Amino acid sequence: MSHELPKAYNPGAIESRWAEYWVAEKLFHVNTPESAENVFDLLLPPPNVTGRLHMGHMLNQTEMDIIIRWKRMSGFTTLWLPGTDHAGIATQMMVERQLATEGKKRQELGREKFIERVWEWKGHYGGAILDQMKRLGASVDWDREYFTMDENLSRAVREVFVRLYEQGLIYRGNYIVNWCPRCVTAISDLEVVHEETQGKLYEIKYPIVGSKDSITVATTRPETMLGDTAVAVNPNDERYKHLIGRVAKLPLMDREIPIIADDWANPEFGTGAVKVTPAHDPNDFAIGQRHHLPQINIMDEYARMNENAGPYAGLDRFAARTKIVEDLEAQHLLVRVKDHMLSIGKCDRCKTIVEPRLSTQWFVKIAPLAKRAIEVVDKGYIKFTPDNYKTIYLNWMNNIYDWCISRQLWWGHRIPAWHCADCKQHTVARTTPTKCAHCGSANIEQDTDVLDTWFSSALLPFTTFGWPDKTKDLEVFYPTSLLVTGFDILFFWVARMIMMGTWFMGDEDKLDTSTQAGQKKLAESVPFREVYIHALVRDADRQKMSKTKGNVLDPIEIIERFGTDAVRFTLASMAAPGTDIAFNEDRTEGYRAFANKIWNAARFIFMNVDRAQESGAWSLSQFDASATPKPSTLEDRWILSRFHSVTQQVDESLNNYRFDEAANAIYRFFWNEFCDWYIEIVKLRLNAGDSDTDKATTRAALDFTLHIFEGSLRLLSPFMPFITEEIWNAIYDGKPPKKSIALAEYPKPSPEAVSDHAAEEEMSLLQALIVDVRTIRAEMKIENKQKTPIEVHASNGNRIERVFQANLNSIHKLANVEQVGFTSTSLSNAAGTRVSPNYEVRVVYEQKIDVAAERERLTKELKKLETEMTNAQRQLSNEQFMAKAPEKVVEGIKRRSGELAGLLEKIQRALADLDDQG
RNA sequence: GGGCGGUUAGCUCAGCUGGUUAGAGCACCUGCCUUACAAGCAGGGGGUCGUAGGUUCGAGUCCUACACUGCCCA
């Protein structure tokens, strides 16, 4: 029988089997529905084709998978769209490295051949990360997989570029950009990482022409002095006022440069006088613009000194720095050198120190796009979770700069602009033009640059659905419902998708947001309605994972050791918003134990199913998951109530992206309630006996147990899709009502299924009694085999006694009790006793108690209760409190105070008795 | 320099709009191989909630300052 599970839970075996099945059966493929109603869709942040799965991906995908599985099971038409990003620089570097092993360079191959090589590479290795995803059980629609360089997406990219150009939002210009001399390309501000570094501040003396005087400037990059075209001082700086308008002699180059006044010169910093190098520093560039200074570029694209650097031509920038400092020193122009902390910009990708460089690049004029992107977040058309990211986002968006989108690479979307060799103008076009649009010359060539990779990924929410065509997909799937991503790409990607989405799906430059219709359009133009931002996965010591530190955890390796389900559950249970996840294997081990617990619960239930089938009490074919289970005992009512409650909790938590709360709620329910209590109690009925009445009892118990268990599996399924699939299929002996548990219905909180307060309260009493007896037995060191009688005094009267009477069997079994006697007299004097507000219980056992230990325990208890009593009394005698506190709170304290009085009295009596004995 | 967080048990973290006794997992201690599970079961110890003020009848929760710490931007 297929419901016979192997004795040992072995995740490896079952997980790969189901992962393949889900893909092969196209379980998560969705046809385009007729309307957008009841659609839930999200876009997988496309991993780089060069990527390998890391913990960040795993967290990201686990969260998305939980959400999408939950929505799918809840009846939504769900689409989770996967794809990969062509990742310009990363991929080009990868293939260049491959070429290097063959002793070749891309320049030797030429552009076309090189790009062919990249495609070849992509064909071979580009699918690796998606294959890894399959191992995670990610329920994406593989039939809709895209690649950012697909023909249709490339066409959309050109369309966007051309439209923005036509709208005057793309321009070409000479600006200082961040230049990576290793990648040999411009990079955007965002691709520069700043690092605090111990550097030096050099003070250099510039002689004043026509006098013995000189002016001392301070700089951290002395080599740039070769390109200086001015010295700037603050106009209010008394020290230098007399020098403004004079001319300084640039040392080493023997060039004359003016001394100018500019507010940017900070009198507090360095000497108060700064050298101005418009071609090699963004601030100096701005000063240069204000004062119409010449721009002298002294470096080539590899950051080597060029012909403008005079005697230093050919030297690397750092070699030049050394040489220049030496030469200045020799000429006694170096006043001093001091240590200085400075923030150095490095290339995000290769960590090479970025060189600000003057060059011609393409830019997006960002203000009009940012305006809308601000408005949609401001007005709540896009909701951020955690909501503090809204502030961060708006701060950034309000201080945004134009976006440099050209990259001097070969791999990527080539810029659709053609330069005319004759009239020097350019032609921007959707399709390759044959002649210059300005002068008609055929002497045109396409711009050699490609677009920033983020330019194309910013468009994905609409281009993947067929834009610029008006497709059905676009109509029903846009805007997507949710974006789940890490904060590290908030500006790179999230912000830019919002800008592009609200522009192109919001009627571009024709939208009038001052009208109601315009606002509606704007609200519908967003690329996603919600953004959930998750934290970083760190190692167990909270260190950032990095290759250099060697603390990178490979999810696949962890999965192989603990199972995907356990790793997913670890991530989910730790995914509290706002805090980074310190990934600790101990946790994962614990969740593998949880999976094992479920496995064994299943084995136990199936064992009883088999027994019932043999005895003819019940058959699996009678089980109908869709039927409403009928509770017949206290434990039935209780576990059903708890099940509804956990269902409610999970629903609420997932709605708020509280994966941790949801996971923990299920964990506690399944283990601490269903396994620890319900199954233990229901064993009594499962072993009822052979008479017809007994069989009926067993049948009812088994059917009910199976209902709760099956429901729990569905509840857990989005978190642990593999083990739940395996066991769920086993329940149906290989003939399940659906092809997968992932297509079954998610347990819903329903108004009818309200909590059974009476059952929960009664069960609490029963549990408390059992725990008390266990505790007393442990204290008295009574052996497990030794059953003991107990005496119970239910001080509150009949109701509590009735609860115990009705559940004597449970008390016997779970507390190791052989006889329960009820008494109307208080038991507080006896040893081996526990008192609580509702009942008193004594374990009848002849053994000398440890007087000292008992006294210590009672004294401690007494002290605790006394403190509580004092607090309660103080509050109750406080007129202000009585007047202002809500009635509920006052009532609660009054009741507790009454209870405390009783308990205190009993404990004091017990202590007095101890004194008599000892 | 500007901005946003965090500080609760040995460790990792929960603690919703302020309200009766601050929770969980792991780790630790004690006893159990009780026929679903030793990846288990039962019991137990452990916290003046970063510091100092303030608001309030009442503060882990709100406010201010400080300390330490993380991140983002310049």
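Within every chain, numbering begins at 1; the chains are lettered A, B, ... in the order of the sequence lines, protein sequences first and strands thereafter. Because only heavy atoms are used, hydrogens play no part in the values below, and waters and symmetry mates are left out as well, while side chains stay in. All figures in this text were calculated on a predicted structure; none of them were measured in a lab.
- Look at OH on A:Y657: it is 18 Å from C1' on B:C16, rounded to the nearest Å.
- Looking at residues 887-900 of chain A, you'll see A:V889, A:G892, A:I893, A:R896 sit with a heavy atom under 4.0 Å from some atom of RNA chain B.
- For the residue pair A:Q613/A:W618, the side-chain donor-acceptor check at 3.5 Å is not satisfied.
- B:G60 and B:C49 have their C1' atoms separated by 5 Å, with the value rounded to a whole Å.
- Distance from the side chain of A:R658 is smallest to B:G15 among B:G15, B:U21, B:A36.
- Between A:Y532 and the choices A:F384, A:F659, A:F487, A:Y389, the ring pair (Phe, Tyr, Trp, His ring centres under 6.0 Å) rule is met once, by A:F659.
- Summarising the base pairing, B:C13 is matched to B:G23 through a Watson-Crick or G-U wobble pair whose two defining distances lie under 3.5 Å.
- Rounded to an integer number of Å, the gap from A:K813 NZ to B:U34 C1' is 8 Å.
- Here B:A36 is the nucleotide among B:C71, B:G43, B:A36 with the atom lying nearest to any side-chain atom of A:N600.
- Residue A:N10 contributes atom CG, which lies 13 Å from atom C1' of B:A39 at whole-angstrom precision.
- Between A:E355 and A:R221 there is a salt bridge, with a side-chain nitrogen of the basic residue lying less than 4.0 Å from a carboxylate oxygen of the acidic one.
- One P atom belongs to B:G23, the other to B:C28, and the distance between them is 23 Å to the nearest Å.
- Both A:A885 and A:T391 lie close to RNA chain B; mapped to their nearest nucleotides by heavy-atom distance, the more 5′-ward contact belongs to A:T391.
- The same atom, C1', is picked in B:U7 and in B:C66; the two are 14 Å apart, to the nearest Å.
- Note: CG (A:N784) to P (B:A42) measures 11 Å, nearest angstrom.
- Candidate nucleotides B:A39, B:G15, B:U20 were compared by shortest atom distance to the side chain of A:N596, and B:A39 ranks first.
- Between A:F594 and A:Y667, the ring planes lie tilted relative to each other; the angle falls in the 30° to 60° range.
- Rounded to whole angstrom, the span from the CE atom of A:M780 across to the C1' atom of B:G44 amounts to 17 Å.
- Within the nucleic acid shown, A:M882 has no heavy atom closer than 4.0 Å to any nucleic acid atom.
- Nearest heavy atom pair, residue A:I811 against residue A:V817, reads O-CB, 4.0 Å.
- Counting any heavy atom pair closer than 4.0 Å across all strands shown, A:E861 reaches no nucleic acid atom.
- When both distances must be under 3.5 Å, the Watson-Crick or G-U wobble mate of B:C62 is B:G54.
- For the C1' atom pair drawn from B:G70 and B:U30, the interatomic distance equals 40 Å after rounding to whole Å.
- Taking every heavy atom of both residues into account, A:R496 and A:F491 meet most closely at CD-O, 3.7 Å.
- Across B:C63 and B:G45, the matching C1' atoms stand 37 Å from one another, rounded to whole Å.
- For the C1' atoms, the distance from B:U8 to B:C68 is 16 Å, rounded to whole Å.
- Rounded to whole Å, atom P of B:U21 lies 10 Å from atom CZ of A:R874.
- Aromatic ring orientation, A:W599 versus A:Y9: tilted (interplanar angle from 30° to 60°).
- In this structure, A:K390 reaches neither bases nor backbone, as no heavy-atom distance under 4.0 Å exists between it and the strands shown.
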Could you list the protein-to-nucleotides 22-28 of chain B atom pairs, N/O on both sides, closer than 3.5 Å?
none

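- Backbone-only engagement by A:F491 is indicated by non-hydrogen atom pairs under 4.0 Å involving sugar-phosphate atoms exclusively.
- For A:S653, the side-chain hydrogen bond (donor to acceptor under 3.5 Å, both in side chains) partners are A:Q649, A:E661, not counting sequence neighbours.
- Heavy atoms of A:P886 sit under 4.0 angstrom from at least one base atom.
- A cation-pi geometry, defined here as NZ or CZ lying under 6.0 Å from the six-membered ring centre and within 45° of its normal, does not hold between A:K597 and A:Y591.
- Under the Watson-Crick or G-U wobble criterion, with both distances below 3.5 Å, B:A67 is paired with B:U7.
- For the pair A:R774 and A:W677, the distance from NZ or CZ to the six-membered ring centre is under 6.0 Å and the angle to the ring normal is within 45 degrees.
- Separating the CD atom of A:E779 from the C1' atom of B:G31 is a distance of 13 Å, rounded to the nearest angstrom.
- Among the protein residues, A:D676 comes within range of the sugar-phosphate backbone only, with heavy atoms under 4.0 Å from sugar or phosphate atoms but none that close to a base.
- Comparing A:A778 and A:Y401 by the nucleotide of RNA chain B that holds the closest heavy atom to each, the one mapping nearer the 5' end is A:A778.
- Comparing the same atom, C1', in B:C16 and in B:A22 gives a spacing of 15 Å after rounding to whole Å.
- Proximity of A:K683 to the phosphate of B:A36: a side-chain N or O atom is located under 4.0 Å from OP1 or OP2.
- A:Q873 and A:S897 are linked by a side-chain donor-acceptor pair at a separation below 3.5 angstrom, with hydrogens and angles left out of the test.
- In this structure, the CD atom of A:E783 is 22 Å from the P atom of B:C41, given to the nearest Å.
- Regarding contacts with the backbone of B:C32, every side-chain N or O of A:K785 stays at 4.0 angstrom or more from both OP1 and OP2.
- Closest to the side chain of A:A593, from the set B:A39, B:G43, B:A36, is B:A39.
- A:R603 and A:N600 form a side-chain donor-acceptor contact under 3.5 Å, judged by distance and modelled atom types alone.
- Electrostatic pairing of A:R896 and A:E899 counts as a salt bridge here, judged by a charged N lying under 4.0 Å from a carboxylate O.
- Among the protein residues, A:L490 comes within range of no part of the nucleic acid, since none of its heavy atoms lies under 4.0 Å from any strand.
- To the nearest whole angstrom, the two P atoms, one in B:C11 and one in B:G47, are 13 Å apart.
- As the counterpart of B:U34, no nucleotide is assigned, since no Watson-Crick or G-U wobble pattern has both distances under 3.5 Å.
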